[in-house]
There are 2 protein chains.
Amino acid sequence: MENRCENCIIRQFNSLRALNKDELKKVSDSKISKKIKKGDTLFIEGQKLDGVFCVRDGVSKLSKLSSNGKEQIVKLTNKGEIMGQRSVIAEDFTNLSATAINDMEVCFIPKEVISNTLNTNPYFSLEVLRHMAHDLKEADDVIVNMSQKTVKQRLAEAFIYLRKNYGEDEDGFLSLTLSRDDYANIVGAATESLIRMISEFKKKGFIKTEGKKIGVLKEDTLQELADGF
Amino acid sequence: MENRCENCIIRQFNSLRALNKDELKKVSDSKISKKIKKGDTLFIEGQKLDGVFCVRDGVSKLSKLSSNGKEQIVKLTNKGEIMGQRSVIAEDFTNLSATAINDMEVCFIPKEVISNTLNTNPYFSLEVLRHMAHDLKEADDVIVNMSQKTVKQRLAEAFIYLRKNYGEDEDGFLSLTLSRDDYANIVGAATESLIRMISEFKKKGFIKTEGKKIGVLKEDTLQELADGF
DNA sequence: TCTAAAACATGATAATTGTCAGTTTTTAAC
DNA sequence: GTTAAAAACTGACAATTATCATGTTTTAGA
């Protein structure tokens with residue numbers, strides 16, 4: 001049992017930091033550490049979740065299947081985030097599927113522990129509330145982008161977002177490597193359209209590619225493009 | 001002071017129902033009733049809100065300006081809903097503007113009362129959390145619709161939504177009358193495109209119109225259309 | 001009631017994006 | 001290492017949607 005929540009720095013980045021010692025002990029005693037392989041799924045939309053997942057390492061995509069059978073990625077999660085809280089709080093089925101984009105390390109925390117703490121520790125509720133408020137704001141922004149911007153603008157924005165949030169390696173390629181399909185499902189476009197746009201960006205010198213890897217060359221130009229110039 | 005929160009049925013539909021007598025008294029003593037005329041604005045995106053609005057009557061649109069200058073309506077609020085909580089909780093500027101679609105009656109509740117209660121009454125926090133969880137789920141659905149469905153599908157869906165949530169009058173017209181511009185800003189399309197589609201739906205007998213008013217004639221057909229047939 | 005402004009409407013055309021069909025490259029399993 | 005499957009890519013074409021131009025109707029205020 002070397003991995004105790006008490007010693008886990010990750011929790012400083014999420015709502016679990018509002019827990020007191022006793023509560024933290026309960027969480028730690030009941031949590032189950034899991035390793036998720038790239039491509040594996042944490043949960044599928046429509047499932048009932050028995051708990052939440054705290055991401056120690058790796059990135060996952062939260063997506064939803066449209067009635068036309070296409071996947072839409074609603075959000076990418078990063079280290080420190082908690083997944084599945086919406087479903088546990090609303091005592092509802094998940095509306096999203098979670099799939100690992102690279103190898104992940106997560107802790108599963110049973111819902112009883114979470115809901116007990118929500119009922120007794122208002123600071124914890126408030127922390128969860130703040131995080132959800134943040135998610136809601138981001139979701140609103142996505143709605144506006146989806147409806148008012150072109151695919152090209154959304155793609156430019158995606159590259160900037162990925163660089164900002166996940167960084168790049170020593171050769172200037174985005175640290176988070178996504179498939180073309182994933183890109184298409186983030187910006188909400190046909191895969192072929194998206195590939196064409198990547199080619200275009202590359203030809204124009206905005207980005208560089210090497211296999212799946214993509215590197216941002218002209219962030220300013222991409223930003224202008226995203227803003228509509 | 002005839003209008004006391006203690007006697008207001010509206011609060012049964014929102015998170016205020018989790019308040020105890022004392023808390024409710026505080027809310028009631030500090031609240032300010034306001035009448036908002038159709039077309040007037042409750043708040044504008046980027047403002048700092050000093051409180052939340054509890055909707056007693058009327059409908060408002062929550063919208064956001066895109067960088068291209070077009071408005072996107074993110075959500076319509078109805079009787080009983082509380083507006084501005086996200087901003088108050090996150091101690092953040094509003095990301096949305098709120099505009100009255102018809103004449104409204106709202107109560108303004110100062111943020112201090114709200115945040116005090118959030119800090120002390122976990123049931124209230126939990127209720128707010130549930131409502132926000134619901135909003136977040138709805139936002140996810142909107143994202144998927146925006147990116148995966150055609151304008152025609154989204155319009156069909158909008159008519160069904162409006163009938164279901166706001167009802168219709170004795171002549172079969174939607175109770176909530178929106179301008180063509182508002183419709184365009186809900187489904188995320190150019191106003192001209194939208195008007196054309198309304199004409200098409202009318203020609204095909206799916207809906208009827210009389211001036212601004214629109215009535216759903218074939219809900220099943222619209223539903224099939226929205227689902228992609 | 002008159003009048004200007006706003007909202008509604010339609011046509012022509014252009015831009016954006018999707019679909020289908022096929023080729024090449026990469027990946028992963030045996 | 002070979003090979004089958006998956007992913008990446010390209011072209012041709014079609015469908016969707018936006019834009020611009022213009023006319024008509026409705027609405028609200030003097």
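Basis for what follows: all heavy atoms, side chains included, without hydrogens, waters or symmetry-related copies. Keep in mind that this is a model prediction, so the values were computed, not measured.
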What's the closest nucleotide to the B/Ile195 side chain, out of C/dC8, D/dT19, D/dC9?
-> C/dC8

Sugar-phosphate only, base, or nothing, as touched by B/Thr191 at under 4.0 Å among non-hydrogen atoms = nothing

Does B/Ser66 use its side chain to pair, donor to acceptor, with the backbone of A/Val144 at less than 3.5 Å?
-> no

Looking only at side chains, do A/Thr99 and A/Thr41 share a donor and an acceptor under 3.5 Å apart?
-> no

Starting from C1' on C/dA7, measure out to CD1 on B/Ile214 and report it in whole angstrom.
-> 13 Å

Of A/Lys70 and A/Gly211, the one whose nearest nucleotide on DNA chain C sits closer to the 5' end is A/Lys70

C/dG18 P sits how many Å from B/Gln153 CD, rounded?
-> 13 Å

Tell me what A/Ser193 touches on the nucleic acid: a base, only sugar-phosphate, or nothing, going by heavy atoms under 4.0 Å.
-> base

Should A/Lys212 be listed as having a side-chain N or O under 4.0 Å from OP1 or OP2 of C/dT26?
-> no

Taking D/dA8, C/dT19, D/dA18 as options, the one with an atom nearest any side-chain atom of A/Ser179 is D/dA8

Donor-acceptor pair present, A/Arg196 side chain and C/dG18 base, under 3.5 Å | no

To the nearest Å, how far apart are A/Arg180 CZ and C/dT27 C1'?
-> 15 Å

For the ring pair B/Phe43 and B/Phe53, is the centre-to-centre distance below 6.0 Å?
-> yes

Please confirm whether any donor atom in the side chain of B/Glu192 sits under 3.5 Å from an acceptor in the base of C/dC8, or the reverse.
-> no

Taking atom P of C/dT26 as reference, at what distance in whole Å does atom CG of A/Asp181 sit?
-> 18 Å

Is NZ or CZ of B/Lys213 both nearer than 6.0 Å to the six-membered ring centre of B/Phe173 and within 45° of the ring axis?
-> yes

